[in-house]
Every structure is written in structure tokens, then in C-alpha cells.
Amino acid sequence: MQKFNFHCHTNFGGIFDGKNTAEEMILSYENKGFETVGISNHCIYSKSFENLQKSSVMNFFDLEKLIDLHKRCFENIDKCASKHKIKVLKGLETDFFMSKDWRNAFEKIIKELNPDYIIGSTHFIRSKDEKFLYNLYHLNLLPSNTSQEELDDMVKNYWNNVIESVKSGYFTFIAHPDYCCQFNLAIGKEWDDLKHMFIEALNTNKTPCEINTKCIRLNGNPCPSWNMIKEMIKKEIPLLISDDAHRIEDTGAYFNETEDKLIEYGCRVRFDCL
Ligand SMILES: [Zn+2]
Ligand SMILES: [Zn+2]
């Protein structure tokens with residue numbers, strides 16, 4: 001049984017989207033017998049957010065503000081960790097973008113915060129130039145005259161972003177690569193090529209991938225899908241289970257069931273080295 005979880009969230013600063021404090025989350029994992037927990041609040045930066053209306057408070061275009069928030073968040077995690085036996089790590093769930101500006105910003109974030117690990121995520125479908133970014137949770141913000149072709153294009157750019165995030169070599173592991181499928185995007189056979197290309201990129205770059213159990217809890221299927229997981233197992237891509245918990249009720253959710261499935265599918269290579 002995997003005794004660690006590297007992907008979960010808190011409500012620090014009233015900004016992040018967790019429902020509980022670091023103290024409450026750490027205690028919850030400790031009580032459930034975990035040996036290590038990594039807290040990984042969102043790290044979302046793009047210049048484009050300056051011009052996008054109705055952007056979430058977690059989307060930053062002011063780099064200094066984002067770094068300051070995470071600095072205080074990390075200090076708080078350290079303070080809570082010192083009161084517990086469980087090993088506590090400080091991570092970031094970082095949205096990848098392809099622009100040069102983002103890369104420069106990312107390098108600065110890492111230098112200033114020095115996190116224990118970095119999760120690579122893509123939560124936005126997008127225009128190629130990244131001027132238009134739509135969080136999968138806020139697809140209702142898409143202009144009502146968006147054509148199917150335009151939408152497909154933005155979903156293609158989503159997948160290219162996921163693939164490039166792997167190739168960047170920046171990330172300790174990749175989170176929920178086919179997250180868009182949970183929102184009924186990219187579910188037909190015509191999307192399989194991009195999914196294969198993603199798995200091939202993991203293979204080439206030796207990048208681990210998580211199996212996100214939050215998606216099992218919400219929709220009955222993990223992220224990535226069991227089909228993608230089976231292909232990853234064949235290629236011996238290191239896998240880890242993440243609950244992506246945003247509240248104490250969800251810590252460790254579906255870990256046992258996912259372990260059983262991984263054994264059933266013959267998974268032998270697991271990521272566990274933090
Ligand atoms: Zn995420
Ligand atoms: Zn998350």
C-alpha cells in the first residue's frame with residue numbers, strides 16, 4: 001500500500017481552493033497511517049490573466065504576489081509540520097505554459113521558493129498564443145458563439161501543452177493529463193493519437209505520472225483513464241497514486257481500490273522517491 005500522497009490542497013490565505021488548513025490536512029493523513037504527505041497548492045502564472053475578465057483569485061499575472069503567497073504558505077506548512085511525526089513536504093501544482101515569459105517566471109519561482117518537488121498540470125484549454133485561457137472548471141466563460149472547430153482547436157492546444165510540459169523536464173511528475181476528458185472534451189477515438197504522443201513523451205523523458213483518484217470519486221474513472229494507465233504500465237512509466245484532496249474527508253480516497261487495480265494490471269514500476 002502506498003503510504004504517501006504528494007498532491008493535496010489547503011485553504012491558505014483564503015486564496016487557495018482547499019477547504020482545510022495545512023494543520024488539519026497533515027493531521028488527517030497522519031491519522032490515516034500515511035508516512036509522508038506533500039502539500040501542493042496551485043501555482044498559476046500567466047501574463048494573459050491581466051487582460052482576462054472573471055479570472056480566479058488563484059490565477060496570477062503579478063509574479064511577486066504569487067511568490068509572496070507561496071512563501072508564506074511554505075512557512076505555515078513548516079510550522080505545522082514541526083508539531084507532527086509524519087514527514088511533510090512542500091510542493092507546487094504548477095500550470096505549465098509555453099511562452100518564454102512563463103519560463104522566465106517559472107525559473108524565478110523555483111529559485112525563490114525551492115520546493116521539494118513540482119507537479120506539472122494543465123487546467124486550461126487555450127488559444128495557441130495563450131491570450132485566451134479557459135479553465136476546465138469555467139467552460140461557461142467560453143463565448144457563446146464559439147464553434148466546434150474553435151473548441152477542438154483549443155483542446156488540441158491543451159494536449160500539446162500537456163506534451164510540452166513533459167518535454168520541458170521541469171516536473172517531478174505529471175498530474176491528471178487527460179483532465180479535459182472529465183469535462184467531456186477529447187473523448188472520441190480521434191483524440192487517441194495525442195494521448196499516445198503524451199505517453200511516448202513520458203517514456204522518452206522518463207517522467208512519472210500520477211493516477212488521480214479525485215476523478216474516481218467524482219466521475220467513477222481515474223485520470224488518466226484505465227486504458228492510458230494500461231499503456232503506461234506496458235511502457236514501465238513510474239506511476240504514483242494521488243488523492244488531490246481539497247478537504248480532510250477525501251484524504252486517501254480510493255487508494256486501496258487503485259492499488260488492487262494496479263496489481264491486477266501487472267504494474268511493477270512505481271514512483272516513490274521523495
Ligand atoms: Zn489539478
Ligand atoms: Zn490538484
Side-chain angles (χ1 to χ4, degrees), residues 4-13 15-22 24-26 28-29 34 37-46 49 55-60 66 69-70 73-74 77 89-97 106 109 115-126 133-139 155 158-159 161-162 165-166 170-183 185-186 198 207-219 221-225 228 239-255 258 271 274:
F4 63 83
N5 179 66
F6 298 147
H7 185 171
C8 71
H9 299 268
T10 74
N11 59 4
F12 185 80
I15 303 274
F16 295 129
D17 58 352
K19 299 279 176 282
N20 292 95
T21 61
E24 289 162 343
M25 293 299 277
I26 290 166
S28 171
Y29 286 101
F34 280 77
V37 57
I39 294 179
S40 57
N41 282 311
H42 290 284
C43 181
I44 309 176
Y45 166 84
S46 167
F49 293 127
S55 192
S56 149
V57 289
M58 290 193 301
N59 301 342
F60 284 81
L66 175 63
L69 174 66
H70 275 288
C73 178
F74 276 12
I77 293 170
L89 299 171
K90 301 184 291 284
L92 297 171
E93 183 184 6
T94 304
D95 263 75
F96 177 80
F97 294 96
F106 176 78
I109 290 167
D116 295 313
Y117 64 98
I118 314 156
I119 308 174
S121 281
T122 299
H123 293 97
F124 298 83
I125 62 168
R126 63 201 58 216
L133 304 167
Y134 297 98
N135 193 306
L136 290 164
Y137 280 106
H138 305 125
L139 292 177
V155 178
Y158 165 98
W159 275 106
N161 193 73
V162 175
S165 75
V166 178
Y170 281 144
F171 301 113
T172 317
F173 64 90
I174 301 297
H176 51 61
D178 57 348
Y179 209 30
C180 61
C181 299
Q182 300 280 321
F183 301 84
L185 297 170
F198 161 70
T207 307
C209 186
E210 77 169 16
I211 300 170
N212 187 302
T213 64
K214 183 181 79 177
C215 299
I216 304 182
R217 189 172 57 75
L218 295 176
N219 296 326
N221 290 303
C223 258
S225 65
M228 286 176 75
L239 300 174
L240 69 156
I241 305 172
S242 298
D243 58 33
D244 196 358
H246 286 65
R247 44 178 201 170
I248 50 172
E249 292 88 337
D250 301 332
T251 56
Y254 290 94
F255 267 47
T258 307
F271 175 76
L274 280 176

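Ligands are counted one by one from 1 in listed order, and the atoms in each one are counted from 1 as well.
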Exercise. Begin with the C-alpha distance, continue with both residues' side-chain angles, and end with the deciding distance and a verdict on side-chain hydrogen bond (donor to acceptor under 3.5 Å, both in side chains) for Thr213 and Thr258.
Key: CA-CA 8 Å; Thr213 64; Thr258 307; 5.7 Å; no
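Residues that satisfy the ring pair (Phe, Tyr, Trp, His ring centres under 6.0 Å) test with Tyr134, not counting sequence neighbours, are absent from this structure. For Asp244, the salt bridge (Lys or Arg N to Asp or Glu O under 4.0 Å) partners are Lys214, not counting sequence neighbours. Under the rule for a ring pair (Phe, Tyr, Trp, His ring centres under 6.0 Å), Phe271 has no partner lying at least two apart in sequence or in another chain.
Around the Zn ion (ligand 1), the protein N, O or S atoms closer than 2.8 Å are Glu93 OE2, His123 NE2, His176 NE2, listed by chain and residue number.
Between Phe74 and His70, the ring-plane angle classifies as perpendicular under the 30° and 60° cut-offs. Between Phe34 and Tyr29, the angle of the ring planes goes over 60°, which puts this pair in the perpendicular group of the 30/60° scheme.
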